[in-house]
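Here's the structure, in structure tokens; my notes come after.
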Protein chains: 2
Amino acid sequence: MSQGNRCVSIQAEQARACTVREALDRVGGKWSIGILIAASQGPIRFTELERQVEGISRRMLTLTLRNLERDGLLHRHVHPTVPPRVEYTATPMARELYESLVALTRWAERHRAGISAARAAYDREHGAPVG
Amino acid sequence: MSQGNRCVSIQAEQARACTVREALDRVGGKWSIGILIAASQGPIRFTELERQVEGISRRMLTLTLRNLERDGLLHRHVHPTVPPRVEYTATPMARELYESLVALTRWAERHRAGISAARAAYDREHGAPVG
DNA sequence: CAGTATCCTTCGTGATACTG
DNA sequence: CAGTATCACGAAGGATACTG
């Protein structure tokens, strides 16, 4: 949810880094991905999200929803009923993003073990956390 | 650089979200991508990184390097000379990650305009920042 | 139901001085 | 050169009471 990546006055290769950051800044928050995935299955209501995205607080759900809506990744539809009924849906842009995230997912799956091993090795050689 | 995504006790679809987060947590920091890309070109020294990754402080460079090394994304080679000479190289695992990030990059390029438009529209309808 | 408003804590980051 | 140590600050995130 951080801003401030304006991508100015950097040379060649770091420009690419900046473009990647642009994309990551849209999903870098602690809850964005979970919400996006839940909303990609079809329209979903506020309270349903609160249940499906485990551990999220009401405040963070609202904030993250607003940001995703602002970036055009979620569409918010308010039914004028009482009690209110609000449904969130992933936009086509968000669905494309999700496709792109699959590549990342596969990377994580491939290297889950390797990373754990690397961490364990590192923590053994240097000071382990709490030790 | 945040931890705390243990991926436990969540149902079906949110498990996928968690896997994505696993990957993103490795590159979610403000500087990780820039460093990774610089180090993917070949061995690079501390001071060179400090120059190439614009705006980074000495402290954050050290911290980010340590984390990337710990996760097995960077290899650190110390030449036993005086003055010291330390070179960082992206591991094969990191190179694969970079490939995966290209999908994200293309998404960002495709939708850069769309996102700006969405933001402008949102800020116009609701309260714009400073207004 | 779908949020706001408020308060509080922790984390990430920056600036800078010091060192093997 | 390649770091470490300290201090400080703002933003991200959490808990929860209140409301149209």
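In what follows, chains carry the letters A, B, and so on, assigned in the order in which the sequence lines appear, proteins first and then strands, with residues in each chain numbered from 1. The analysis underlying the following values was restricted to heavy atoms, covering all of them including side chains, and did not include hydrogens, waters or symmetry mates.
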Discussion item. Are there runs of at least three consecutive Watson-Crick or G-U pairs touching DNA chain C, with each pair's two distances under 3.5 angstrom? Give them by first number.
Written reply: C:1-20 with D:1-20
Worksheet item: Think B:Arg66 has a side-chain N or O under 4.0 angstrom from the OP1 or OP2 of D:dA2?
Response: no
Discussion item. If I take atom CZ in residue B:Arg51 and atom C1' in nucleotide D:dA2, what distance separates them, rounded to the nearest angstrom?
Written reply: 13 Å
Discussion item. Run the side-chain contact (heavy atoms from CB on, under 4.5 Å) test against A:Val82 and tell me which residues pass, sequence neighbours left out.
Written reply: none
Worksheet item: Given side chains that start at C-beta, do those of A:Asp123 and B:Arg70 come closer than 4.5 Å, heavy atoms only?
Response: yes
Worksheet entry | For B:Ala38, all residues meeting side-chain contact (heavy atoms from CB on, under 4.5 Å), sequence neighbours excluded | A:Gln14, B:Ile44, B:Leu49, B:Gln52
Indicate every side-chain donor-acceptor pair of residues 94-101 of chain A with a distance under 3.5 Å to a residue at least two apart or in another chain.
from     : atom 1 : to       : atom 2 : distance (Å)
A:Arg95  : NH1    : A:Ser40  : O      : 3.1
A:Arg95  : NH2    : A:Ala90  : O      : 3.4
A:Glu96  : OE1    : B:Arg110 : NE     : 2.9
A:Glu96  : OE1    : B:Arg110 : NH2    : 3.0
A:Glu96  : OE1    : B:His111 : NE2    : 3.0
A:Glu96  : OE2    : B:His111 : NE2    : 3.4
A:Ser100 : OG     : A:Glu96  : O      : 3.4

Fill in: Euclidean distance, atom CG of residue A:Leu63 to atom C1' of C:dT4 [Å, nearest integer]
10 Å
Fill in: With sequence neighbours excluded, residues passing side chain to side chain donor-acceptor pair (under 3.5 Å) with B:Arg112
A:Glu22
Response to the item:
With sugar-phosphate taken as primed atoms, P, OP1 and OP2 and all else as base, the protein-contact string of nucleotides 14-20 of chain C at under 4.0 Å (heavy atoms; B, S, -) is BB----B
Fill in: D:dG3 phosphate, OP1 or OP2, under 4.0 Å from B:Arg85 side-chain N/O
no
Worksheet item: Do B:Leu73 and B:Asn67 touch side chain to side chain, with heavy atoms closer than 4.5 Å?
Response: no
Worksheet item: salt bridge (charged side-chain N to carboxylate O under 4.0 Å, His left out): which pairs involve residues 77-93 of chain B, sequence neighbours left out?
Response: B:Arg85-B:Glu87
Item to complete: Write out all pairs satisfying salt bridge (charged side-chain N to carboxylate O under 4.0 Å, His left out) with one or both partners inside residues 37-49 of chain A, taking only residues at least two apart or from two chains.
Response: none
Practice prompt. Identify whether any heavy atom of B:Thr47 sits under 4.0 Å from a base atom; if not, whether one sits that close to sugar-phosphate; answer base, sugar-phosphate or nothing.
Written response: sugar-phosphate
Item to complete: Hey, could you give me each pair passing salt bridge (charged side-chain N to carboxylate O under 4.0 Å, His left out) that has a residue in residues 55-69 of chain B? Not counting sequence neighbours.
Response: B:Glu50-B:Arg58
Fill in: Contacts of A:His79 that satisfy ring-ring contact (aromatic ring centres under 6.0 Å, His included) - sequence neighbours left out
A:His77
Discussion item. Could you tell me how far apart A:His77 (NE2) and C:dG3 (P) are, to the nearest whole angstrom?
Written reply: 13 Å
Worksheet item: Who passes side chain to side chain donor-acceptor pair (under 3.5 Å) against A:Arg106, sequence neighbours left out?
Response: none
Practice prompt. Name every residue in residues 35-46 of chain A that has at least one heavy atom under 4.0 Å from any atom of DNA chain D, in order of residue number, or write none if there are no such residues.
Written response: none
Item to complete: Round to a whole Å and report the spacing from CG of B:Asp25 to P of D:dG13.
Response: 11 Å
